[in-house]
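Excluded from the calculations below are hydrogen atoms, water molecules and symmetry mates; all remaining heavy atoms, backbone and side chain alike, are included.
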Amino acid sequence: MTDNNIGRKKRTDGRLSLLAALYFAGVFLGVILYGTLSGEQLDALNGITGSFVMGRLSHTFWETLVNSFSGAFLLLTACFWLGFSAAAQPIELLVPVFRGLGAGVSLSGMYGSFGLAGVGMSAVLIIPGAVLSAFALIIAARESLELSGKVFSSVFGRASSGEAIDFRLYITKFVILVIILMASSLADSLATFIFAGFWTRLL
């Protein structure tokens, strides 16, 4: 492996570690944010969470699949287009934070609404899809950051022979990430479909 390849691998691994850390920081911030809400705000949020859960348990398999896929797909699409901008790095770094923030608030809301039962429900209704979708979005943000860096170098005349922009490879990677999101949504929908009757009787 050449020095240039080693350097690129280190930068790629560094970006991946940073984005994963930002995601978990978002989860932590979401939990903290939930804990800072006033009584009325908590009641409102818990009411929304309860309505979400009951609505989801009553949805068809395909409705759950579409709902699960659409939110993450919008963020993935945002990462794709942001990659073509030379100045989008700050926004790209916020994508995993935003996703983690939503996960943290959702997990806290499940516990706040349903107590210990909410922990089990989270393991069925949130975590299966959240893990794969988080992975896909972290990779998407990394690829977006990498392309933005190359575009920046190209615009300002700093591009080297080892930093060529391969748009075909970039698009191919995002197609694979869309497939991963589909698998994530499928796992999410299957878990909900299989256990919906159990949670409905419990609630």
Side-chain angles (χ1 to χ4, degrees), residues 1-30 33 62-106 126-189:
M1 184 179 291
T2 66
D3 290 341
N4 285 338
N5 288 335
I6 292 173
R8 283 199 298 273
K9 186 177 186 304
K10 287 182 177 180
R11 289 196 299 273
T12 298
D13 291 344
R15 291 191 190 103
L16 189 62
S17 298
L18 172 61
L19 291 165
L22 288 172
Y23 173 79
F24 287 110
V27 174
F28 179 75
L29 287 174
L33 177 62
W62 295 108
E63 286 173 333
T64 303
L65 183 68
V66 170
N67 291 335
S68 176
F69 178 76
S70 57
F73 180 72
L74 288 175
L75 289 176
L76 190 75
T77 302
C79 284
F80 177 81
W81 291 112
L82 287 169
F84 294 95
S85 170
Q89 290 91 337
I91 303 175
E92 292 157 357
L93 290 171
L94 289 176
V95 169
V97 177
F98 180 78
R99 187 66 175 180
L101 186 67
V105 171
S106 297
I126 296 178
I127 294 177
V131 171
L132 275 176
S133 65
F135 169 77
L137 289 172
I138 288 170
I139 298 297
R142 183 195 67 182
E143 296 301 322
S144 184
L145 277 170
E146 184 173 347
L147 182 59
S148 289
K150 290 179 180 179
V151 172
F152 181 89
S153 297
S154 178
V155 169
F156 291 97
R158 298 180 183 177
S160 65
S161 58
E163 292 293 326
I165 299 176
D166 189 342
F167 291 111
R168 181 180 298 178
L169 178 61
Y170 181 74
I171 293 170
T172 300
K173 287 180 177 179
F174 270 85
V175 170
I176 294 172
L177 291 174
V178 169
I179 294 173
I180 293 174
L181 274 189
M182 290 178 177
S184 167
S185 301
L186 182 61
D188 193 18
S189 301

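Within the model, atoms OG of Ser133 and CG of Leu181 stand 6.5 Å from one another, a figure rounded to the nearest 0.5 Å. Going from atom CD of Glu143 over to atom CG of Leu19 covers 10.5 Å, rounded to the nearest 0.5 Å. A distance of 12.0 Å separates CZ in Phe28 from CG in Leu33, rounded to the nearest 0.5 Å. To the nearest 0.5 angstrom, Phe73 atom CZ is 7.5 Å from Met182 atom CE. Remark: Lys173 NZ to Leu147 CG distance equals 10.0 Å, nearest 0.5 Å. Taken from CD1 in Ile127 to OG in Ser106, the straight-line distance is 11.0 Å, to the nearest 0.5 Å.
Inter-residue side-chain proximity for Leu74 and Phe69 is flagged as unmet; no heavy-atom pair is nearer than 4.5 Å.
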Check: Please walk me through it: do Phe174 and Ile179 pass side-chain contact (heavy atoms from CB on, under 4.5 Å)?
Finding: CA-CA 9 Å; Phe174 270 85; Ile179 294 173; over 6 Å; no
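Contact between Asp166 and Leu169 at its shortest, heavy atoms only, is OD1-N, 3.1 Å. Between Gly83 and Val151, the shortest heavy-atom distance links the atoms O-CG2, 4.0 Å. Across Val27 and Ala103, no two heavy atoms sit closer than the pair CG2-CB, 4.3 Å. For the residue pair Arg99 and Ala72, the shortest heavy atom distance occurs at NH2-CB, 3.8 Å. Ser184 approaches Leu132 most closely through the heavy-atom pair CB-CB, 3.4 Å. Closest heavy-atom contact between Leu82 and Ala88: O-CB, 3.4 Å.
A side-chain donor-acceptor contact under 3.5 Å links Ser148 to the backbone of Ser85. Here the side chain of Tyr23 pairs no donor or acceptor atom with the backbone of Phe135 at under 3.5 angstrom. Panel note: side chain Ser70, backbone Val66; a donor-acceptor pair is recorded below 3.5 Å. Although no hydrogens or angles enter the test, the distance criterion places a donor-acceptor pair under 3.5 Å between the side chain of Ser189 and the main chain of Leu65.
Residues Tyr170 and Phe84 place their aromatic rings such that the two centres sit under 6.0 Å apart.
For the pair Glu146 and Lys150, the salt-bridge criterion is met [side-chain N within less than 4.0 Å of a carboxylate O].
Remark: of the listed residues Ile180, Leu177, Ile139, Val95, Leu177 is the sole one forming a side-chain contact (heavy atoms from CB on, under 4.5 Å) with Leu76.
For the residue pair Ser144 / Glu92, a side-chain donor-acceptor distance below 3.5 Å is found, with atom types taken as modelled.
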